[in-house]
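All remarks here apply to the structure that follows.
Residue indices begin at 1 and follow the sequence shown. Values below: every heavy atom of this structure, side chains too, minus hydrogens, waters and symmetry copies.
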Amino acid sequence: STTNNYANYGVRPQMFKSLIGRGHAEFSTNHQQDAQEFFLHFMDKMEKEERNEDVKLKKLFMFQLEDRVQCTSSQQVAYKKREEMMISLPIPLDKATNIGEFKAFEERKKQAETNKERIPTEEIVRLKIPMSECLNEFTADESVEQFYSTAIKRKITALKRTRFATFPDYLVIQLRRFTVGDDWVPKKLDVSVEMEEMIDLNSLRGNGLQSNETQLPDDDGGEEETTVEINEGFVAQLMDMGFPLEACKKAVHYTNNQGVEAAMNWVFEHSQDVDFASPLQLGGGGKEKKKTETFTPNIESVSMLMAMGFTDQQAHKALKKTNNNLEAAAEWMFSNPDELNTSMEVDEPAAESSLTENTMHDGNGKYKLMGFASHMGTSTSCGHYVCHIYKEGRWVIYNDRKVAESETPPRDLGYIYFYKRI
């Protein structure tokens, strides 16, 4: 009987969540929460509690990505590495393989709603997107506006490409199923992504600077000095409206003395910036130099913002503007949609790594799917998570305290996937 008692003993998910979430402003509550955010919080908590430096759970998941940025004018390149714990894959809806079938289903769905009829679950048609298309979107060249090229001493449009610098023992992949609509309201993408059970990512490994490439010169202190002239009359008019002196100076300066109206627009757009009222940085002789940036974004906050549908660069920019305040960054992103994709520079120092390249695990880029978590629900504000794990030669579903064999695991409807290196 003692053996049977131990065999039936376990830790309930609610008990586990209460322990891990204790003291956290969000995870200690019963609010609807995000599995990706919880995973990052769990890893952070484990890192703080672990005492043995040689055995770190985080090491199994950490890896480095290599960003290659090319000046489109000089063709010179710069390489930078950054530390990550998962990759967040976009879902390119335009690459669906069944668009015609889906459109036909949408018409049928509208007719059913008009007739107040219900379509059986097994007859629902979702857009089908191959996993390869998500990876292609993730590694494709992307334009970076307003990139300051140290080769030609001015801002241009650069091209950025991302590759793997190292491959972890366990690769975590998040699908960006939660995105933001045209009305800036978070929504869930109910699509079918054909995730593969076996993947080979070796072709996506970065190799650093190549023999036929020329590296961009190191930053020589920033952009060339330019004489600053500020119309004091415009500044005075803005101050009469109740705005701080330094903010008024910035507004007039950054709008090139175009007038009070242009400066006013700048004030409204930047009034939430953390440095809104801080002094305008001027060098000797009335000249301004580009300030050397030392901002390091919080990796967990970046991942949380990306889970909302924003890009890595947009998340970096928002956190930089709000001094790593996650809540303020999210609010700024929703309030300034037009500014998200402007002046997005990527030549910032990479975040300091807690793991060096020598201690970071690396190896073959072939993986096998070992588990995935799925979100059951129609929106970001409600629902329920379940997970499937490949165990002892079969797929098993875990739904709170209910555990059962899964004959047809919905691999295409998952949110977070865990792959193990072969």
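- Between Thr72 and Phe147 the shortest side-chain heavy-atom distance does not fall below 4.5 Å.
- Considering CG of Leu369 and CE of Met198, their distance stands at 10.0 Å, rounded to 0.5 Å.
- Relative orientation of the Phe164 and Phe63 rings is tilted, given thresholds of 30° and 60° on the angle between their planes.
- For the pair Met239 and Leu245, the minimum side-chain heavy-atom distance is below 4.5 Å.
- More than 12 heavy atoms of other residues, nucleotides or ligands sit less than 6.0 Å from atom NZ of Lys45.
- With respect to Glu197 and Arg411, a salt bridge is recorded, a charged nitrogen being found less than 4.0 Å from a carboxylate O.
- With Asn98 contributing its side chain and Arg126 its backbone, the two residues share a donor-acceptor pair below 3.5 Å.
- A side-chain donor-acceptor contact under 3.5 Å links Glu213 and Tyr79.
- Taking both residues in full, the closest heavy atoms of Glu196 and Tyr419 are given as O-OH, 2.6 Å, listed atom of the first, atom of the second, then distance.
- Looking at Gln174 and Ser88, their side chains do bring a donor and an acceptor atom within 3.5 Å of each other.
- With a 4.5 Å cut-off on side-chain heavy atoms, Ile173 and Ile416 do not count as touching.
- Using a 3.5 Å distance cut-off with no hydrogens or angles, the side chains of Gln215 and Gln76 do not pair a donor with an acceptor.
- Here the two rings, on Tyr398 and His388, have centers that are 6.0 Å apart or farther.
- In this structure, the side chain of Arg68 does not engage the main chain of Arg163 through any donor-acceptor pair within 3.5 Å.
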Self-check item: Test side chain to side chain contact (heavy atoms under 4.5 Å, CB included) applied to Val77 and Thr214, step by step
Solution: CA-CA 6 Å; Val77 299; Thr214 302; over 6 Å; no
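- The heavy-atom pair separating Ile91 from Arg176 by the smallest distance is CD1-O, 3.8 Å.
- Annotation: the span from Glu113 atom CD to Arg108 atom CZ amounts to 12.0 Å, rounded to 0.5 Å.
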Exercise. Starting from the C-alpha separation in whole Å, work towards a yes-or-no answer on side chain to side chain contact (heavy atoms under 4.5 Å, CB included) for Met264 and Leu238.
Key: CA-CA 7 Å; Met264 278 273 298; Leu238 290 174; 3.7 Å; yes
Show the atom names and distances, to 0.1 Å, of all donor-acceptor pairs under 3.5 Å that link a side chain in residues 402-410 to residues at least two apart or in another chain.
none

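- Within the 3.5 Å criterion, the main-chain N or O of Arg177 finds no donor-acceptor partner in the side chain of Lys188.
- At least one donor-acceptor pair under 3.5 Å links the side chain of Asp34 to the backbone N or O of Glu37.
- Minimum interatomic distance between Ser143 and Leu159 (heavy atoms only, all atoms of both residues): OG-CD2, 4.1 Å.
- Partner of Phe372 under the ring-ring contact (aromatic ring centres under 6.0 Å, His included) criterion, chosen from Tyr415, Phe418, Trp395: Trp395.
- If you take CG on Asp190 and CD1 on Ile124, they are separated by 7.5 Å, rounding to the nearest 0.5 Å.
- For the pair Phe105/Glu123, no side-chain contact is recorded, criterion being any heavy-atom separation below 4.5 Å from C-beta on.
- Atom CD of Glu101 and atom CD of Glu106 lie 12.0 Å apart (nearest 0.5 Å).
- Contact check for Gln36 versus Leu40: side-chain heavy atoms found under the 4.5 Å cut-off.
- Counted by atom type alone, Asp362 and Thr166 present zero donor-acceptor pairs between their side chains at under 3.5 Å.
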Practice problem: Show your working on side chain to side chain contact (heavy atoms under 4.5 Å, CB included) between Met85 and Val172 and close with a plain yes or no. | Solution: CA-CA 7 Å; Met85 200 182 301; Val172 184; 6.0 Å; no
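- Ser73 approaches Arg154 most closely through the heavy-atom pair OG-NH2, 4.0 Å.
- In this structure the side chain of Leu216 never reaches within 4.5 angstrom of the side chain of Gln70, judged on heavy atoms.
- The pair Glu66-Lys81 does not count as a salt bridge, with every side-chain nitrogen at least 4.0 angstrom from each carboxylate oxygen.
- Relative orientation of the His375 and Tyr385 rings is perpendicular, given thresholds of 30° and 60° on the angle between their planes.
- Panel note: side chain Asn136, backbone Ser132; a donor-acceptor pair is recorded below 3.5 Å.
- Atom-to-atom distance recorded for Asn399:CG and Met376:CE is 6.5 Å, nearest 0.5 angstrom.
- Summarising the local packing, NZ of Lys420 is surrounded by 12 or fewer heavy atoms from other residues, nucleotides or ligands at distances under 6.0 Å.
- The two residues Glu194 and Pro130 have their closest heavy-atom pair at OE1-CA, 3.8 Å.
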Quiz item: Would Tyr367 and Asp200 count as a side chain to side chain donor-acceptor pair (under 3.5 Å) if you check the C-alpha gap in whole Å, the side-chain angles of each, and the deciding distance to 0.1 Å?
Solution: CA-CA 6 Å; Tyr367 293 89; Asp200 185 348; over 6 Å; no
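- Between Asp67 and Arg82 there is a salt bridge, since at least one side-chain N of the basic residue sits less than 4.0 Å from a carboxylate O of the acidic one.
- Of all heavy-atom pairs between Lys249 and Val235, the closest is CA-CG2, 4.2 Å.
- To the nearest 0.5 Å, atom CZ of residue Phe167 and atom CZ of residue Arg421 are 9.0 Å apart.
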Self-check item: Derivation and outcome, side chain to side chain contact (heavy atoms under 4.5 Å, CB included), residues Ile129 and Leu93
Solution: CA-CA 7 Å; Ile129 297 96; Leu93 301 180; 4.3 Å; yes
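- Put simply, the side chain of Asn202 reaches to within 4.5 Å of the side chain of Asn364, judged on heavy atoms.
- Under the 4.5 Å side-chain criterion, counting only non-hydrogen atoms from C-beta, Met86 is not in contact with Leu171.
- Ring-plane geometry between Phe16 and Phe42 is classed as tilted, the angle between the planes lying from 30 to 60 degrees on a 0 to 90 degree scale.
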